[in-house]
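Bear in mind the structure is a predicted one, so any value in this text is a computation, not a measurement.
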Amino acid sequence: MPVLEQRLLHSPRRTRAHAPCTAVMRPAQIHFMMLMSRQGKVRLAKWYMTYSQKERARAAKEITPLILARPLKLCNFLDWKNIKLVYRRYASLYFICGVDMTDNELITLEIIHEFVEVLDRYFGNVCELDLIFNFHKAYYILDELLIAGELQEPSKRVIAKAIEAQDGFVENAKKGLDENGAPLGLQQQIHAMMRNGRISPGSSAMPRLWARTHARTQDNTKNFNTQRLVCVNGCNGKGNCTSGVCHCQPGHFGADCSLSMGRDARMRLLADYGYTPRATRPRVYVYELPSNMSTWHNTRRVDRPLHVVFWQRLLSSGARTADPAEADWFFIPLRVRSGRDAFFLIDAIDYIRRTWPYYNASVGADHFAFHLADSGSADIPRDARDALRNLTWLHHWGLHEDHDTGGWRAEHVPGKDVVVPILVPPHHYGTLGISESPLHPDYSAPSASSSRQKQRQRPQELLSASAPSVPGPDGHPGSDRSDTLLYFGGRVCGDESEPNTSWPACLGRGYGFSGLVRQRVFHHHFNRSGFVVTSSLDRSASHMRASRFCLAPPGSAYGHRQVLVTLMGCVPVVIGDHIYQPFDPELDWLRFSLEPSEAQIPVLHEVLAGVDGRALAALQANLACAAQHLSYSSVAGGFMGESGKYDAFETILQILRVKKQYPHAAPFEYTELDADFGRFVRCGAKEEPWADAVAGPVLSAAGGASLGGKSDGGGGGVFSLFSGRGGKEGVPGARGSAGAGETQASGGGGGGRGGGGEQQLKVCSRSEFDPEERSCGACPVGKGMTSAYAVPGGMVCCGRPNLASCLRFWE
């Protein structure tokens, strides 16, 4: 490099002062810097001039083909509009700068090269993945190098020291320490907020802030000091649980003290208890992360603990392996509940990449984690979402196309992600009425004359002897259904205000809730005969037990009624365009529910009236098997005499198994490609005796109700009626339906009645209709969301000496 340019690069201010009139000697004024992959993905973008969001997107779209298609023999400069593009390729990344037309291109190339050298010094042999998973640090480094589009600091050593000091501040902040590493007290925290400009000394919020911060600290201290925090799997009897962290005995290690080293220097799981992995796939390897990432938190304040439940159940089910070489899947035991949690997950993945080779080998394609926010990964910032794009999400929100009315953006990727049902805590079984579900085979048995059963009889005015009944899992007649055609009880407006009878049903903040589904149903049907549509939850369990159909709309995003009404034996009416339900489309929801489109809400009464008694009986018969798939019976306990063999946990494992075996197959094809999976989703049934008997009546009745046309059992107006999802899944009965024969073969969920000699093993029960000896009362769980994982390994381990001896229904 010429001496003059070296001086320019390393002493910009001095050079500018000595030769202000020489254009070549002026440091480059950079409009923007962009890092782009060879596939055209923008990995980093920093804008130093005012560009609107649309202008930025348009610029990236126009620059991408210019750079990627440019031959290698041409120079690294080109004109674009009134800007000069200066770029340089390093490995798989293009570093692109937009500068003024009169700026020195060589100086810009040197700035790019210096940025790359600083990145390489910080990360150590930097690669594209480093920038993906640590994009925030790349921005920090760039800010130390450039300010307002001009070179700020040419020394790589000075930049490295500044970033190192910044990393130290971040680590201290995570630990509650100040700049010197001393504990940060309440007063210091508030003073720090004042220094950062977050509050002013005279702010009216100061007294409230002091009181709230002091109360929160006292509450946290009380929770940690007076309550017993829960450890994963109770440390398996090989350690002491202190503040939610297992302190293992010598020779044992891991988050739950389940690991030890064998004589062959290989890790073993529960070696002292004779643990053996299950013979069937999949095998799941659980990463052992530092406790501050995975287990060191107040378990009494955790909501939606499904990731912990799954973590514990993996060991008791035999699906967990200590050998990552034989694993089909890798589980990252972290919960993502908010946008902030996503960055914790990125830190954990960065730790995993530096410790194990498996994430880098597949770029995360065989790794999964739980995202339990209302709207799934849409709650994650865009940059973090891009960094985690290959990860398989297990989440509750299945929106796979944009929903303009609700303002929701599609985040679920069918074939990659899996929609899982919500976890109903055990102590809610009674309050929600699940413990008295009509799906239990003894619901209307003669033993109902006991005093306990008499107290729990439904009001007779809600019943109709002529209405269809719901068969139990072993074929017993279930509950009678009243003349109530459709029931919905719950929030209609987002602000919980009472809805208006005129449109719009909700105003202000309440408008737009549920993508307007609940408001529109209320507006069109609140006073319709045979419909009970109310914002009140009074007697909701009785209404669900006594109604033929129950509305299952979305909420703020995902809704829980799809699961709840199924467990209560009420046929779900799922309304929500482009939204997959739990285990949908792997599990065919059209076998036990109706899915009219949002456009059919005004004629919903015609759609429901068009389902004749025979078709309704078929849908009701299939509820018994569907309810088993949607409940975590092996974790929380049974409610309908089921074994737990086909519960939600086992369904997740089965989907992961088929997904691994057929990576390029569409999810709705799993039952056709894998016979074992087909039998599993039918709860053990080998045939589908209802397929021909039900498809015709369902289709003809539905088609006639909506369009008045004829049906040939698979086309015409029927496709339009049930086209909420579209495609092959939109046609009722397209993949068949199963009914009474299916539930009989399931033997009460694997109990063995008519199921081909399966073992009579059943999980403990929370039903009011099972004898006391089958009750889960021997394993108390307390209250709160943590009640779901208070029993190590789940309720299949209730009364068992260790997790290696828990019930295994597949053996």
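Between E642 and K762 there is no salt bridge, since no side-chain nitrogen of the basic residue lies less than 4.0 Å from a carboxylate oxygen of the acidic one. A salt bridge links D674 and R657; the closest N-O separation between the charged side-chain nitrogens and carboxylate oxygens is under 4.0 Å.
In this model, no donor atom of one side chain and acceptor atom of the other lie less than 3.5 Å apart for S765 and S767. Defined by atom type and a distance below 3.5 Å, a donor-acceptor pair is missing between the side-chain atoms of R548 and T484.
With hydrogens and angles ignored, the 3.5 Å screen pairs no side-chain donor or acceptor of D647 with any backbone N or O of Q628. Between the side chain of H396 and the backbone N or O of V420, at least one donor-acceptor pair lies under 3.5 Å. With hydrogens and angles disregarded, no donor-acceptor distance shorter than 3.5 Å links the side chain of S593 to the backbone of V573. Looking at S437, its side chain does come within 3.5 Å of a backbone N or O of L567 through a donor-acceptor pair. Side-chain atoms of W589 come within 3.5 Å of backbone atoms of P582 as a donor-acceptor pair (strictly under, hydrogens ignored). With R591 contributing its side chain and R682 its backbone, the two residues share no donor-acceptor pair below 3.5 Å. The main-chain N or O of D577 is found under 3.5 Å from a side-chain atom of E598 such that the two form a donor-acceptor pair. At least one donor-acceptor pair closer than 3.5 Å links the side chain of E669 to the backbone N or O of A666. Checked by atom type and distance alone, the side chain of H629 pairs as donor or acceptor with a backbone atom of Y646 at under 3.5 Å. Checking side-chain atoms of Q519 against main-chain N and O of F513 turns up a donor-acceptor pair under 3.5 Å.
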Would S556 and R491 satisfy side-chain contact (heavy atoms from CB on, under 4.5 Å), going step by step from the backbone distance to the final call? CA-CA 10 Å; S556 299; R491 183 165 43 155; 4.3 Å; yes
Let me see the working for E595 and D584 under side-chain contact (heavy atoms from CB on, under 4.5 Å), right down to the final yes or no. CA-CA 12 Å; E595 295 190 356; D584 186 11; 4.1 Å; yes
One pair to check against side-chain contact (heavy atoms from CB on, under 4.5 Å): F583 and V419. What are the steps and the verdict? CA-CA 5 Å; F583 300 139; V419 186; over 6 Å; no
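Here D374 pairs with R304 under the salt bridge (Lys or Arg N to Asp or Glu O under 4.0 Å) rule; sequence neighbours left out. Considering only residues two or more places apart in sequence or on other chains, F549 meets the ring pair (Phe, Tyr, Trp, His ring centres under 6.0 Å) condition with none of them. Under the rule for a salt bridge (Lys or Arg N to Asp or Glu O under 4.0 Å), the partners of R774 that lie at least two apart in sequence or sit in another chain are D770. Remark: F677 pairs with no residue by the ring pair (Phe, Tyr, Trp, His ring centres under 6.0 Å) rule, at least two apart or across chains. Considering only residues two or more places apart in sequence or on other chains, W408 meets the ring pair (Phe, Tyr, Trp, His ring centres under 6.0 Å) condition with W397, H403. Scored by the salt bridge (Lys or Arg N to Asp or Glu O under 4.0 Å) test, R281 finds D328 as partners (sequence neighbours excluded).
V309 approaches L423 most closely through the heavy-atom pair CG2-CD2, 3.6 Å. Nearest heavy atoms, E586 versus P667: OE2-CB, 3.7 Å.
No close placement of the Y662 and Y670 rings is indicated, their centers lying 6.0 Å or farther apart. The distance between the ring centers of F310 and F368 falls below 6.0 angstrom. Taking the six-membered ring where the residue is Trp, the centroids of F639 and H440 are separated by 6.0 Å or more.
Below 30°, between 30° and 60°, or above 60°: for H400 and H578 the angle between ring planes is above 60°, a perpendicular geometry.
To the nearest 0.5 angstrom, L807 atom CG is 10.0 Å from S634 atom OG.
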